[in-house]
Amino acid sequence: EAQVTQNPRYLITVTGKKLTVTCSQNMNHEYMSWYRQDPGLGLRQIYYSMNVEVTDKGDVPEGYKVSRKEKRNFPLILESPSPNQTSLYFCASSSRGFAFMNTEAFFGQGTRLTVV
Amino acid sequence: GDSVTQMEGPVTLSEEAFLTINCTYTATGYPSLFWYVQYPGEGLQLLLKATKADDKGSNKGFEATYRKETTSFHLEKGSVQVSDSAVYFCALLNNDMRFGAGTRLTVKP
């Protein structure tokens with residue numbers, strides 16, 4: 001079954017304690033992306049990756065890092081989480097990148113992060 | 001830059017009522033347009049899409065027509081069901097993917 005898997009689904013942590021949210025896709029997609037979803041703001045892109053070892057900033061990259069060492073995985077790293085990073089996070093993947101029309105994005109089930 | 005504006009929610013309807021969720025966009029060139037749906041506790045799922053002007057996307061009784069002259073992609077359904085309760089996101093794809101803020105729909109029996 002084609003899917004994007006995020007872990008963990010729920011996480012409560014304290015300010016400053018480094019954490020990683022994993023994302024894995026089994027569709028051999030080249031393009032992967034991280035979004036955060038906040039009430040009234042919709043989905044905002046944090047980082048994206050066009051292919052292995054190629055990553056770039058989205059709209060709200062501050063406080064986040066990513067890596068793309070292999071095609072299937074795209075972890076999101078918060079080196080020093082702060083309360084304003086409390087949000088619902090989604091990973092997405094797509095074949096051939098968003099530069100191509102008719103490309104659908106597949107989303108993970110989300111990670112609800114609370115930073116206290 | 002590119003952007004998507006959706007009507008603000010929440011929207012509450014009775015079962016079998018007619019649904020419209022407005023969506024307008026700003027973009028250069030010729031973006032593709034999408035509606036995604038998010039059911040409680042789940043990720044976003046593609047509901048329908050349209051890739052060029054005057055295309056109509058449809059799925060599960062939902063429809064949306066790509067109107068370039070009004071830069072709109074309004075979502076409609078003739079008769080909603082309780083199971084349609086979810087958050088709906090309008091999105092455009094140009095050089096990147098942009099989402100609207102989402103509209104929460106609640107359908108009551």
Q. Should A:V60 and B:V4 be regarded as members of a common hydrophobic cluster, given that ILVMFWY residues are connected when their side-chain heavy atoms come within less than 4.5 Å of each other, either directly or indirectly?
A. no
Q: Might you confirm whether atom CZ of A:R44 has over 12 heavy atoms from other residues, nucleotides or ligands at distances under 6.0 Å?
A: yes
Q | Co-membership, hydrophobic cluster, residues B:Y36 and B:V80, 4.5 Å side-chain | A | no
Q. Is it the side chain or the backbone of B:Q38 that comes within 4.5 Å of chain A heavy atoms, both, or neither?
A. side chain
Q: Check A:Q37 against B:F89 and note the closest heavy-atom contact, atom names and distance.
A: NE2-CZ, 3.0 Å
Q) Is it the side chain or the backbone of A:D38 that comes within 4.5 Å of chain B heavy atoms, both, or neither? A) neither
Q.
Is it true that, when you exclude B:E8 itself, more than 12 heavy atoms of the residues, nucleotides or ligands shown sit nearer than 6.0 Å to its CD?
A. no
**Q.** Residues, nucleotides or ligands: over 12 heavy atoms within 6.0 Å of B:E69 CD
**A.** yes
Q. Should the heavy atoms of other residues, nucleotides or ligands under 6.0 Å from NZ of A:K57 be counted, would the total exceed 12?
A. no
Q | Interface moiety of B:R98 toward chain A, non-hydrogen atoms closer than 4.5 Å | A | side chain
Q.
Taking A:I46 as the starting point, is it possible to reach A:M50 by hopping between hydrophobic residues whose side chains are less than 4.5 Å apart?
A. no
Q: Under 4.5 Å heavy-atom distance to chain B, tell me which part of A:L43 shows up: side chain, backbone, both or neither.
A: both
Q: Could you list which of residues 106-116 of chain A have a heavy atom closer than 4.5 Å to any heavy atom of chain B, in residue-number order?
A: A:F107, A:G108, A:Q109
(Q) According to a hydrophobic-cluster definition based on side-chain heavy atoms being under 4.5 Å apart (Ile, Leu, Val, Met, Phe, Trp, Tyr only), do A:V21 and A:F74 belong together? (A) yes
